[in-house]
Amino acid sequence: MTLLTGWGRTAPTRATLARPRTAEEAAALVAKAGRRGVVARGLGRAYGDAAQNAGGLVLDCTALQQSWSLSDTGLVTASAGVSLHDLMTALVPRGWFVPVTPGTRYVTVGGAVAADVHGKNHHVDSSFGAHLRSLRLLTADGGVRTLGPGDDLFWATVGGMGLTGVVVEATFQCVPIESAWMRVDVERTRDLDQTLETMAATDDGHRYTVAWIDLLARGGRMGRGVLTRGDHAAPGDLPARARGNPLAFAPRPLLSAPPWAPGGLLNRATVRAFNAAWYGKAPAVPRRIVQGIAPFFHPLDGVAGWNRMYGTRGFVQYQFVVPLGAEDTLRRVVERLSGAGVVSFLTVLKRFGAGTPGMLSFPMPGWTLALDIPAGQSGLAAMLTEFDDWVAAAGGRLYLAKDSRMSAATMAATYPRLGEWREIRRRADPDGVFVSDLARRLRLC
């Protein structure tokens, strides 16, 4: 039995952890899962309890026959346990980039499918599922099915959090690039209204956009931010030192968080100082810079084990989306957080475009805000529950891959295709073999 948590390091539970090396080994383990069932796990970057199964079986899929192939047209077929980090390290020097990357490279291909991950390019390119051509799924009967976008089980699996089976392999289209660098426009905004207006007016001119928000700013500065918009750079954009080998790419962590950090290290004073420095560093008018892929997409990957900086109590990541036209709900949340002085080291705002047909996929056209909040802040639980109600009333939802505390009632109220997903899952897994702590908490199965 192994004690497992999500990346937020809250709500640990014990499960039997197995490491199958082949689909056949995984099928044999699924067949003997027992009454508490089984769920697949990748690199453990879901923030909450999505890859935990208290008293049951968890399959560590990172050992599943690590293999991948690349066609001349950029079509990649990769086993589910391959990480986006390893894929990028191999693909970028060949002139290709993954179609979607979340804020960390350390997620597996299977995890990217199960969470239908999104990135800074959602307003242009949607989420990972939009680029999938096929996947191979180990189902409860021990068989491996090849599925495509015309299959309802395909879309129940994309965003289905591992509850329809074990993704064994996926095929997806990648993006051609000329360098391992990004051409980036950076500017700061004075308040939330300017942040929203600028993003709405300029996002479509760039493939990748994101805004960092200072939640501790109040009054007329509330919601001030740093807006970053980027595109893949051409060799001519690069500094002279990089033009000789523009596709060179070998990222690695530069620092490592200590194995133990005291609680309260990220407090109002330290985060306020960081926010002031970060905002002050950004230019008041747009400025173009050239930045590497790793610092642009994955700045926190530069610190190995950065989640330990929140101390032993861990942290809560809260991410929601509200539709376009529901900006008042977003403002209301930011006002409440700012007024309460809630500490969030990383607060990120993005604008979403069209979603995928995944029944439990998170993105929809609208605005998404993600917060990292140290666990245990006074009044936090009640405040987030109130936000749940506001988001639901606005027609929005919370992200399952980040969630660790949503109620089953909120889930049912905010995912209108939940009933359809349940029926497809029931046909694929009539005995409820695939289950997780998240599934039990939200009464998904």
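For this chain, numbers begin at 1 and follow the sequence in order.
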Apply ring pair (Phe, Tyr, Trp, His ring centres under 6.0 Å) to the pair W212 and F345, showing each step before the final yes or no.
CA-CA 10 Å; W212 165 86; F345 176 68; 9.4 Å; no
Would you say the side chain of P99 lies within less than 4.5 Å of the side chain of F172, judging by non-hydrogen atoms?
yes
Modelled atom types, side-chain donor and acceptor of S344 and D372, under 3.5 Å:
no
Looking at the rings of W306 and F315, which for Trp means the six-membered one, are their centres under 6.0 Å apart?
yes
Would you please indicate yes or no on a ring centroid separation below 6.0 angstrom for F362 and H118?
yes
Aromatic contact, F297 with Y208 (centres under 6.0 Å)
yes
Less than 3.5 Å apart, any donor N or O on the side chain of R229 or T209 sitting next to an acceptor on the other?
no
Short N-O contact, D214 and R272, less than 4.0 angstrom
no
Salt-bridge test for E335 and R332: reply yes if a basic N is under 4.0 Å from a carboxylate O, no otherwise.
no
Donor-acceptor pair between Q65 and T22 side chains, under 3.5 angstrom
no
With no hydrogens and no angle check, just 3.5 Å: does a side-chain donor-acceptor pair link T385 and D388?
no
In terms of side-chain geometry, is the basic nitrogen of E25 or R19 positioned less than 4.0 Å from the acidic oxygen of its partner?
no
If you count heavy atoms of other groups shown closer than 6.0 angstrom to CZ of R9, is the number above 12?
yes
Side chain D151, main chain F154, donor-acceptor under 3.5 Å
no
Are there more than 12 heavy atoms of other residues, nucleotides or ligands under 6.0 Å from atom CZ of R21?
no
Looking at R41 and D60, is there a salt bridge between them, counting it only when a charged N and a carboxylate O are closer than 4.0 Å?
no
Mark yes when over 12 heavy atoms from residues, nucleotides or ligands other than R443 sit less than 6.0 Å from its CZ; otherwise mark no.
no
Sole residue of V333, L371, T414 in side-chain contact (heavy atoms from CB on, under 4.5 Å) with F320
V333
Side-chain touch R331/L196, heavy atoms, less than 4.5 angstrom
yes
Is there side-chain contact between N53 and R440, with at least one heavy-atom pair below 4.5 Å?
yes
Aromatic Y415 / basic R397 pairing, under 6.0 angstrom, 45° off normal
yes
Salt-bridge criterion met for R224 and D191 (N-O under 4.0 Å):
no
Quick one: do F352 and H123 satisfy ring pair (Phe, Tyr, Trp, His ring centres under 6.0 Å)? Show the steps, please.
CA-CA 5 Å; F352 279 163; H123 63 292; 9.8 Å; no
Please test T198 against T189 for side chain to side chain donor-acceptor pair (under 3.5 Å), starting from the C-alpha separation and ending with a verdict.
CA-CA 8 Å; T198 305; T189 56; over 6 Å; no
With the threshold set at 4.0 Å, does a side-chain nitrogen-carboxylate oxygen contact exist between R207 and D231?
no
Closest approach of L91 and C174, non-hydrogen atoms and distance?
CD1-SG, 3.9 Å
Distance col, row D403:CG vs M161:CE, nearest 0.5 angstrom, shows 9.0 Å
Could you tell me if the side chain of P363 sits less than 4.5 Å from the side chain of S126, heavy atoms only?
no
